[in-house]
A.B. asks: 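Mind looking over this structure? Questions follow.
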Amino acid sequence: MTPLTGFLLVAALLFSIGLAGALTRRNAILVLIGIELMLNSANLNLIAFWRYGPHPERLTGMMFAIFSIAVAAAEAAVGLGLVIQIHRHAHTTDLDAINRMKG
Amino acid sequence: MLETLDQVFVLLQHWLVGFLPAVLQPVAGVLLSVVVIIVLFPALFALTTVLERKGLGRIQNRIGPNRVGPFGILQPVADGIKSLTKEDIVPLSADAAVHFLAPVLLVVAVFMGFAVLPMGRNMVLVDMDAGLLFFFAMGASTELSVFMAGWSSRNKYSLLGAMRAVAQMISYEVVLLMSSVAVVMISGSLSLTKIVEAQNQYTWGLPHWYIFTPWGLAGFVMFAIAATAETNRSPFDLPEGESELVAGYHTEYSGFKFALFFLGEYLAMFSISGLGTTLFLGGWSAPFSFLGWVPSWIWFFSKLLLSICVFIWLRGTLPRLRQDQLMNFAWKFVLPMTLLNLMVTALWRFLGEGWERWVFCSAILMLAYVAMGRIGMRSGHIGPRRYRYAE
Amino acid sequence: MSLSGLEKEKDRPEGWNRPRLIEPDGEGELLEIAMGPHHPSTHGGFRMDVALDGERVIRLKPVFGYLHRNHEKIAEGIGYLGSMPYTDRLDYICSLTNNWAYALAVEKLTGQEVPERAEYLRVILGELTRVQNHASSIGFLIQEMGASGTPLMYAFREREKILDLFEGLTGSRMMCNYMRFGGCRVDAPEAWLTAARKVVAGLPGFVDEVDRLLTGNEILMARTQGVGVLPPELAVNAGVTGPMLRASGVNYDIRKVDHYGIYDRFNFRVPLGDHWDVYDRYMIRMLEMRESISILEQALKDIPAGPVMDAKAKIRGFRPKPGEAYGRIEAPKGELGFYLISDGGPNPYRYRVRPPSLINLTVLEDMCLGSDVADVVLIFGSVDIVLGEVDR
Amino acid sequence: MKTIEEIKAAIEAAVPGAGVEVVPNASPSGQHSLRLEPSHAFEVAKFLRDDAELALDFLSNATGVDWPDKEVTEKVKVKRLVTKTVDGVEQSAEETVEESRKRVEPGCLEVVYHLFSMAKKHGPVVLRMKTVNRTDNVELPSLTPVWRSAELQEREIFDLFGIVFTGHPDLRRLLMWDAFKDHPMRRDYVDPDDYEYEPTAHEQVLARAAAHTAGEQIAGASAGAIPGGGQEGIGGK
Amino acid sequence: MSFVFYILAALTVAGSLAAVLLKNTVHCALALTVAFLGLALLFLDLDAQFAGFAQILVYIGAVAILVVFAILLTRGSETPKDGVFSHTWLVGLVIAAAVFAVLGWAVLGSARVLPHETAAPVVTVRDIGVALIGRYILPLEIVAILLTSAMIGAVIVAMHDKEGAK
Amino acid sequence: MLGEGILKGLAETAKNFAGSFVSAERMTTVEYPEERIAPIEAARVFPFLVYDGTDWESGMRCVACQICEKECPPKCIYIEKSKDKKPDAIGKPQFYPAKFDVDIAVCMSCQICVEVCPFEAIKMDTEFELSTDDRFGGLLLDREELSKSNEYYHQIHPTEAAVVDARLTEGRAKADAKTTAAAITGAIRGAEIPKRPAEGGD
């Protein structure tokens, strides 16, 4: 097993955990947490591939990860803003309860 | 000889590590330095508490602590014994694990910041390429422990205090980063040792410290404001806000855990003062070229102490702001000013050597400051007033 | 009383000057906190039940009585003289003005005259009391703003000198028990007057110092300007008195209105505020200190020789004619009145203190609604109360 | 400033049937007062506040006075007594005799308001109102809607004297705690037995201490018998 | 494949598991920060210093704080009475397990062809900066625009509509 | 300009900081156990009983008239009058307090007992270091503990004591004159308590 396999396996595990969290939790914020975990597992993959790739000096994977971190932060901010707005509207963050299109 | 004195700690470390097998030497060297930092800064903390109390006392025309030891110098020892022997109270409804972890994490995170501070020539624990980034990353993690403390106490005052603290720290972290970026733009490095090296030059015996440039001075002022807010010191101590929030997020802490918070706050103050010194005040470099013979670490620590004294002075003078004013100040005054400062820094860089850049940059900053101050005062409807008398 | 009692608010009769209701903006529950009685800035045992929406105050109910000892009942059981030391303990910052108000009320009830020198001494002591009260009240106010005690310490430094004067004359620093019906207990020796002149000469310097330290301070201005606005109509209707009333722009100073004592001999002005907020209250106190100093200078210059006690006055065991009297003075905190009913006995039949601190708190909720929690302590501090007087 | 008689006339002109009565004050202070009829007090108060000439916009002081029932001995001219009195003698109808009788004069609770004018800078005008008795009919109209200043003071009177102010917006106890039962400023109030030992040499204190410790030893059995024990738990808050 | 890697991997996975499984929402958020920290350390283990510190700064310093703030603002820290998991939790779990199975099979199946350890690249911050301004200028600009619009969007979304309320 | 007031304030505190080292005027602190302020003549703490001569019991001026007990606002004085009479300092038989207790835990130092005393027997002490660890009774002073000599009184309140002494001698002279006069006219009422004017106050 190459070291890369280890990183990839961890990333796959993280992704699945995140996915499971996003799919099973009721609280909208925890669903967001699951999504963040999935994004992070992708970052780990990117960095790992950059590190063990043929041209680490070209920085592609790392750059991708850095951009991804920045975008993920934005995503989190907007997502949480939405959750708060939903809460303000529906007085709950329970996704099972928020199942109508109309407020 | 003077060279040896300058490097005395480095040599001492090498000498001590030299007894170990070569494999262990790097690890042992780092460990040794860590131990020194862990001992040194709490000692400085003890000194600072007594300095602060005496200084505040003198500012307020009091004597200050003078009962324990000569001139009250052993007061922190007494305080330490007191806080160690005090009962450690955990509220019944508190989240015990988080309640315990919060002060520990705070102290750990704050200690990490010292790793990249150059405290003298060749005296840096880890000379990291991304040192500044590391420092800010560590600084960012203190917010979480503050939040943990406030949330786990299950006390409304604690929670309010923690919310305030986190909001304040995040807002001013932006300012802190932005004002440091100006230095990075000029020095071209995130490594703190390189930044100091860049300032360790002299023209006519005067140093090239960044504070002696218009953008540097402005940046330093912003940095100082942000640092005061970041460390929750007066006049930005409203997370603690003892007059309204009892003691903010450490309301429910007692005994040793409270002492840890206290330590953490002071350590944060030291580390941020150290960073300010490094970025704007030339780190360990001497203020005049003819004083270059004085060991570098003496300069670093005297500058550190000096900035601590300024912190104390501010605390002795100013009342605190209100939460919304604090946020408005951060986002509507300081942040725009730092952004402007970034542009001025760029201008400084492109104008090249010569008197024009001094005039232009100072004028822009000055004008902006005055104008924004005016606007701020007017939009807040504040200003001096005249009073009438009934006849 | 919890905040649940506030639900009655809707049933309040129309037309009275009630606090304007602030509606929470609907999201989340209200955060209800009890500020006090063990809170750093409630000056002893005082509680405010505050309902917050975020950090905005939606409701605020003051809760009194933690220091209640039924002073009025005690006074009905002892002679007229016996209540004098108890008045010291009402507003324990300014015991001398309390003495004065009580002595004035009894003098009205019995029709006693006060010798001129005693009147001068009363004015001197009363104005010294006013200066030290305003100084420490400003100190506490800024302390509540988080200034680590520096202005408070400066105020106390100066207060110390004034208290030394009090001790030198009356024998006690705070519980002076100095004034008597028909004069003052002891005469002031010349040495004391000299010492008082020296202290008074140093006071303008102190006021200037506080002025330089605080008045122009941007943080202070930002914290206090526009905070805790008390419109004059409400202030008058709610019976607010003292510097707070004048900060609301109402020209009403009992020293000028009633001409009690010998105040019409002195030349002084009444400063008035135009913005009605905490900053005005701070500034009015500052300016009143300057006026008091000017009164002090005049009084210490003009003080005549003579007795300090009405020769006909009896110290103990006197029985005023049946009747009643209400006497009031401009105490540093506002109108301090004593209402006495005599049934011809040696004890007052009814003894009532009109406490300015309590009545000034009537409008606390009105001033606080809609502002921040941080402002609550500030507004509370700007009212300048002493719990000994509020709860009596 | 009008004299008290002029004010009375002004009130009667403005509020017909106000039933204002001047209560003279013999003391040198010369602060005579006006007794209001509770049923018209509110209108009178409004008039006093809003009248352009009086402009009594400032209610400085409001307080209660307790006048307990008292036994008075008075000389009465008796004509044809219908029933027997305790010490009376039955007489034939036409005769008029003067005799000394003891009579219980019913007490009342009284409120006193001191009004001043901030606009005109005059005062005081003293108003008073009486309740019918001290026990069950203790209601008086609240003047808080006219002068906010009375808000806390009327609460205090309610607390300490037990006068119920109708129309008061927030009539709660002010100084005593909510669970407290009695009204301490009434003249027949008896201190509760919440004595704590103090090394005071006074006889009455020592006697109280002895009584208290004795009561404690009987453990609550006599708690109700101690005078003034009608108060519930000190810590009832 | 060092000892350090196993520790960090365990830390990360444990943190993320806790973040998904714990009942108390605030504990979930705190566990999430542990996962983020583990990831950052993994980045450092992969010689990506800059990315690692950026991870700490952004995720622990900002995202985690945002999450806890959101939890507090929505009063989400109390455990709901009717369970923390959704009605369809079983379906979700099955899907996640299936995804992991596929990914794991793919990774392990291609383990042979994956590259082995190479010498650690020397990447200075300066290199990253130069790359950002040079080769990656377009993505940088796009990300900048994205961030700006996201910020404005977040502010607008979270802003009180004061006019509507009154 | 923004920040002007803050700078002014900083200058002010700096001035005070420096000034605290040079000007004694600014430092009002007295470091109590080591340093003490000069005794203040007008100071009043708790009452004491004055006796003339050297023996407290025989020289006690108090004649147990119980006026102070009655007038004391917090009721902290407790007096039991003696059954018999003893000669006082000038040899006149007088009642004396069989018991005279002051509970200084209750006393509020108001000086009213001093003002109402017609015999100049009770005066205010300036001694304030009276703390004790005996909560029950340690602050209850009896006759003996309360007695201080007239010399002590002169020591702590010299001016006041001189006035009091003058008044006393005058009073005694008058009383003596009266008694001699009474003796001459043959009336036998010398044993009566000499009544001095009840104003008492100084």
Side-chain angles (χ1 to χ4, degrees), chain B residues 51-67 71-72 217-218 221-222 224-225 228 234-236 309-321 325 328-329 332-334 336-337 365-380 382-385, chain F residues 1-46 104-105 107-110 124-136 138-139 155-157:
Chain B
L51 191 75
E52 170 151 30
R53 291 172 65 176
K54 292 207 78 108
L56 272 184
R58 285 292 169 174
I59 284 177
Q60 297 168 1
N61 297 328
R62 294 184 288 115
I63 297 170
N66 66 345
R67 293 284 152 151
F71 304 107
L217 182 64
V221 172
M222 309 294 165
I225 290 170
T228 324
S234 178
F236 302 107
C309 289
V310 173
F311 272 123
I312 295 169
W313 185 15
L314 284 174
R315 183 176 165 195
T317 309
L318 299 177
R320 77 170 70 87
L321 282 159
Q325 289 163 349
N328 279 345
F329 186 59
K332 293 185 182 164
F333 184 82
V334 190
M337 278 305 288
L365 285 169
M366 218 41 218
L367 276 175
Y369 176 75
V370 171
M372 288 196 56
R374 274 287 154 73
I375 293 166
M377 300 266 277
R378 196 156 302 162
S379 68
I382 61 165
R385 290 178 183 169
Chain F
M1 202 175 85
L2 187 70
E4 214 178 318
I6 289 173
L7 290 180
K8 246 193 216 167
L10 284 171
E12 199 55 43
T13 42
K15 210 157 85 188
N16 269 286
F17 178 79
S20 73
F21 289 99
V22 289
S23 94
E25 184 81 337
R26 285 180 198 276
M27 304 291 277
T28 43
T29 313
V30 176
E31 294 186 64
Y32 162 59
E34 298 94 34
E35 269 174 62
R36 276 151 196 278
I37 43 175
I40 293 156
E41 219 191 303
R44 56 182 153 93
V45 183
F46 292 120
I104 60 168
C107 176
M108 57 189 199
S109 313
C110 64
M124 293 309 273
D125 205 344
T126 51
E127 174 67 40
F128 53 87
E129 289 162 315
L130 295 160
S131 55
T132 165
D133 49 8
D134 177 14
R135 206 181 124 212
F136 300 105
L139 293 171
Q155 218 171 9
I156 55 174
H157 299 302

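Reminder, nothing fancy here: chain letters follow the sequence lines and each chain counts from 1.
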A.B. asks: Please name the pair of heavy atoms, one in F/Met27 and one in B/Arg62, separated by the smallest distance, quoted to 0.1 Å.
C.D. replies: CE-O, 3.2 Å
A.B. asks: Quick check on F/Ala18 against chain B: is it the side chain, the backbone, both or neither that has a heavy atom closer than 4.5 Å?
C.D. replies: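 Neither part.
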A.B. asks: What are the two closest heavy atoms between F/Thr13 and B/Gly316, and how far apart are they?
C.D. replies: CG2-O, 3.8 Å
A.B. asks: Can you tell me which portion of B/Leu314 sits under 4.5 Å from chain F's heavy atoms? Options are side chain, backbone, both or neither.
C.D. replies: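 Both backbone and side chain of B/Leu314 come within 4.5 Å of chain F.
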A.B. asks: Given a strict heavy-atom distance threshold of 4.5 Å, which part of B/Ile63 is in contact with chain F: side chain, backbone, both, or neither?
C.D. replies: both
A.B. asks: Show your reasoning for whether side-chain contact (heavy atoms from CB on, under 4.5 Å) applies to F/Arg26 and B/Gln60.
C.D. replies: CA-CA 9 Å; F/Arg26 285 180 198 276; B/Gln60 297 168 1; over 6 Å; no
A.B. asks: Pick one: which of F/Leu10, F/Leu7, F/Asn16, F/Ile6 meets side chain to side chain contact (heavy atoms under 4.5 Å, CB included) with B/Thr317?
C.D. replies: F/Leu10
A.B. asks: Heavy-atom cut-off 4.5 Å, strictly under: side chain, backbone, both or neither for F/Glu31 against chain B?
C.D. replies: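 Both parts, heavy atoms under 4.5 Å.
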A.B. asks: More than 12 foreign heavy atoms under 6.0 Å from CZ of F/Arg36: is that the case here?
C.D. replies: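 Count over threshold, so yes.
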